[in-house]
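Presented below is the structure to which this report refers.
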Amino acid sequence: MTLPFEEWLPKQRWYAGRARVLERVTPSVVTVLAPDLEHVLLEAAYTDGGTEVYQMFVGWDLELAEEFVGQATIGVQDGRTGCDALFSEDAARRLLAFIQAGTVVDDLRFVPEPGGEFATDLPARVIEGEQSNSSVIFDSQAILKVFRRVISGQNPDVELNRVLARAASPHIAPLLGAIESVAGDGGPTSLAMVTAYAPNSADGWSMAIASVRDLLAEADLHADEVGGDFASEAFRLGEAVAEVHATLAIELGTSTQPAPLAEMRQRLDRSVAEVPELAGVEAAVLERLRVLDGPVTVQRIHGDLHLGQVLRTPDHWFLIDFEGEPGQPAQERRRPDSPMRDVAGMLRSFDYAANQLLVNEPDDEQLAYRAREWVQRNRGAFCDGYGSISGVDPRAMPGVLGAYELDKAVYEAAYEARHRPDWLWIPLKAIRELLDTPDQPAA
Ligand SMILES: Nc1ncnc2c1ncn2[C@@H]1O[C@H](COP(=O)(O)OP(=O)(O)O)[C@@H](O)[C@H]1O
Ligand SMILES: O=P(O)(O)O[C@H]1O[C@H](CO)[C@@H](O[C@H]2O[C@H](CO)[C@@H](O)[C@H](O)[C@H]2O)[C@H](O)[C@H]1O
């Protein structure tokens, strides 16, 4: 295959090698699915000696909607034009049909989920704007997510959605099928998954932002008095997260293990190297993390929970994207951890939702006061909802919860320094506030 992947790959939104120098891109495995459709593993080699594997479906001379031609076209080989086939409605439908039929081609397996039913002739459209994967929506019925970076082993998104769907959890989009590779002898590697699409849903981040905006627009009203109050949703979200945790604990078990303190310390080290502002709080953060110097109850969790990872459907809150922390190897992402990591992720997200509306008004004391009010109200409601199902209010363990919040805020500081320097002050302010908060329950 001689398509110009070296030029095309770095232009893709999901390409993760921007901070590195790309040396070459080799189509390392090509699986022919049809005369005009191939699955291709691309090995990207960097000048630092590292490699990454990406995957794509390459289509030949496929019809593309006008608006996608520029983005999807890779180049010409032997008189045929090669493109990213997910942008072709016809090719996307064929992939869905392969899943439904349980097709096997060489090492590629298209696996339907028992009982998962879906039509394969629906209008199909790629979603724009995703960072790390590519998804195609089939009308309002199904969504096919193709993991762009291939990481050996089972992707926790497939694994946990399968477990939760089989346990009939009402808080996930049921898994309908998957695509996997059985190359090598280390068990299947997840390549893609298809889940039921949740029509008429809104993501938690947009809902929270709308609520904060309503509050900040009403100078004289409190969070519980404005029309867009989010607290009842935060309560139900807390219930949903606790129910998912309970189902995962029943299905996959719990154990008592040392807390991931060493990883947290390493993360702090790495983040301090990237964010000089953290140096001044490093010792105090380390001191707070010491509360985790002992065993904790761990289980499988979401691992990267925030308001952008939850969808409010007409009936329920859904948790989506169980991939775990981006950039980590599969084994790390699948490692059991305290459910408090997910709770802390969501609490941090409330803080973000309120504060990001102040990015252009950092010195407005009144707005900052109202934002704090929103955060307190919704943190409280979420914890109430969580505790009403789990039997333990997360606020009863302020030391442990605070340590997980600090760990997340430290991660966020490095993330923001890299991606959104204008937002760096949000996690930095949170770290200062968390350090000022007592880590023992009030007497
Ligand atoms: N089952 C679903 N029903 C409706 N929309 C969905 C569903 N799954 C994902 N989405 C939408 O697609 C977006 C990306 O999905 P996600 O799983 O988070 O992908 P990524 O891993 O690329 O971030 C979500 O923000 C959500 O808006
Ligand atoms: O959704 P991803 O798995 O890509 O998560 C990464 O990007 C998130 C930003 O989209 C980042 O989340 C941080 O910003 C959110 C607002 O944009 C906020 O709701 C989260 O609480 C905050 O952590 C996430 O940390 C990062 O891993």
Side-chain angles (χ1 to χ4, degrees), residues 12-14 16 86 118 125-149 151 155-158 160-161 164-165 171-176 190 192-209 212 237 267 271 302-314 316-328 333 341-357 359 375 378-379 382 404-405 407-420 422-424 426-427 430:
Q12 305 313 305
R13 205 187 285 260
W14 38 264
L86 292 182
F118 46 92
R125 196 175 173 82
V126 162
I127 309 188
E128 294 288 314
E130 281 179 286
Q131 301 287 325
S132 47
N133 300 302
S134 295
S135 299
V136 182
I137 295 176
F138 296 87
D139 204 15
S140 55
Q141 193 186 129
I143 175 164
L144 170 70
K145 167 151 116 174
V146 176
F147 306 119
R148 286 301 190 163
R149 271 179 70 189
I151 298 178
N155 189 307
D157 211 2
V158 180
L160 298 188
N161 266 300
L164 289 162
H171 297 299
I172 45 115
L175 185 72
L176 301 176
S190 309
M193 62 189 246
V194 54
T195 52
Y197 187 74
N200 304 317
S201 57
D203 70 274
W205 177 251
S206 318
M207 289 176 67
I209 294 296
V212 178
L237 184 55
R267 192 198 315 279
S271 300
H302 182 284
D304 183 30
L305 198 59
H306 56 81
L307 283 162
Q309 310 279 41
V310 291
L311 290 179
R312 180 66 165 98
T313 73
H316 297 284
W317 277 104
F318 274 10
L319 275 58
I320 59 169
D321 203 2
F322 285 77
E323 275 193 89
E325 190 181 310
Q328 294 294 313
R333 294 171 183 220
R341 180 176 293 289
D342 285 347
V343 171
M346 197 53 87
L347 298 185
R348 289 289 313 118
S349 213
F350 290 133
D351 184 61
Y352 256 82
N355 280 295
Q356 65 82 37
L357 283 180
V359 165
V375 174
N378 289 290
R379 278 175 71 97
F382 179 87
Y404 275 96
E405 283 186 87
D407 179 56
K408 177 76 185 188
V410 164
Y411 163 87
E412 288 166 346
Y415 178 89
E416 300 304 350
R418 251 177 269 138
H419 300 284
R420 299 182 293 205
D422 284 0
W423 289 31
L424 175 57
I426 299 179

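Given the structure is predicted, the values throughout are model-derived calculations rather than measurements. Side chains included, hydrogens not; waters and symmetry mates left out as well; all remaining heavy atoms used. Ligands are counted one by one from 1 in listed order, and the atoms in each one are counted from 1 as well.
Separation of atoms CG (Asp351) and CG (Asn378) is listed at 11.5 Å; rounding is to 0.5 Å. The distance from atom CD of Glu405 to atom NZ of Lys408, rounded to the nearest 0.5 Å, is 11.5 Å. Rounded to the nearest 0.5 angstrom, Arg420 CZ and Tyr415 OH are separated by 5.0 Å. For the atom pair CH2 of Trp317 and OG of Ser201, the computed distance is 10.0 Å after rounding to the nearest 0.5 Å.
For ligand 1, the atoms lying closer than 4.0 Å to a non-hydrogen atom of Leu311 are 2 (C), 3 (N), 4 (C), 5 (N), 6 (C), 7 (C). Listed by atom number, the atoms of ligand 2 under 4.0 Å from Glu412 heavy atoms are 21 (O), 22 (C), 23 (O). Close approach to Ala173 involves these atoms of ligand 1, each under 4.0 Å from a residue heavy atom: 1 (N). Near Ile127, the atoms of ligand 1 lying under 4.0 angstrom from a non-hydrogen atom of the residue are 12 (O). Less than 4.0 angstrom separates some heavy atom of Glu323 from each of these atoms of ligand 1: 21 (O). Applying the 4.0 Å criterion to heavy atoms of Lys145 picks out, from ligand 1, the atoms 16 (P), 17 (O), 19 (O), 20 (P), 21 (O). The atoms of ligand 2 that sit less than 4.0 Å from any heavy atom of Gln309 are 1 (O), 3 (O).
Here the shortest heavy-atom distance to atom 2 (P) of ligand 2, taken over Leu305, Asp351, Asp304, belongs to Asp304. Compare Gln356, His419, Arg348, Arg420 by their heavy atoms: the one nearest to atom 15 (C) of ligand 2 is in Arg420. Atom 19 (O) of ligand 2 has its nearest heavy-atom neighbour, among Ala409, Ala414, Ser349, in Ser349.
Side chain of Asp203 to backbone of Leu311: no donor-acceptor contact under 3.5 angstrom is found. Side-chain atoms of Ser135 never come within 3.5 Å of backbone atoms of Ile127 as a donor-acceptor pair (strictly under, hydrogens ignored). For His302 (side chain) and Arg341 (main-chain N/O), no donor-acceptor pair under 3.5 Å exists by modelled atom type.
By the side-chain hydrogen bond (donor to acceptor under 3.5 Å, both in side chains) test, Asn155 pairs with Glu323, sequence neighbours left out. In this structure, Tyr404 has no ring pair (Phe, Tyr, Trp, His ring centres under 6.0 Å) partners at least two apart in sequence or on a different chain.
With salt bridges taken as basic N to acidic carboxylate O contacts below 4.0 Å, none links Arg333 and Asp304.
The closest approach between Met346 and ligand 2 stays at or above 4.0 Å for every heavy atom of the residue.
Taking any N or O of Asp321, backbone or side chain, at least one lies under 3.5 Å from an N or O belonging to ligand 1. Here's the thing with Asp157: none of its N/O atoms is less than 3.5 angstrom from an N/O atom of ligand 1. Any N or O atom pair closer than 3.5 Å counts here, and Tyr415 shares at least one such pair with ligand 2. Ligand 1 has a nitrogen or oxygen under 3.5 angstrom from a nitrogen or oxygen of Ala198. Checked by distance only, ligand 2 and Trp205 stay at 3.5 Å or farther apart across all their nitrogen or oxygen atoms. At least one N or O atom of Ala196, backbone or side chain, sits closer than 3.5 Å to an N or O atom of ligand 1.
Between the side chains of Ser132 and Arg149, no donor N or O sits under 3.5 Å from an acceptor N or O.
Aromatic ring centres of His171 and Phe318 lie farther apart than the 6.0 Å criterion allows.
Residue contacts with ligand 2 for Glu323 are absent, since no atom lies close enough (heavy atoms, distance under 4.0 Å). Residue-level proximity to ligand 1 for Ile143 is carried by the side chain, the only part with a heavy atom below 4.0 angstrom.
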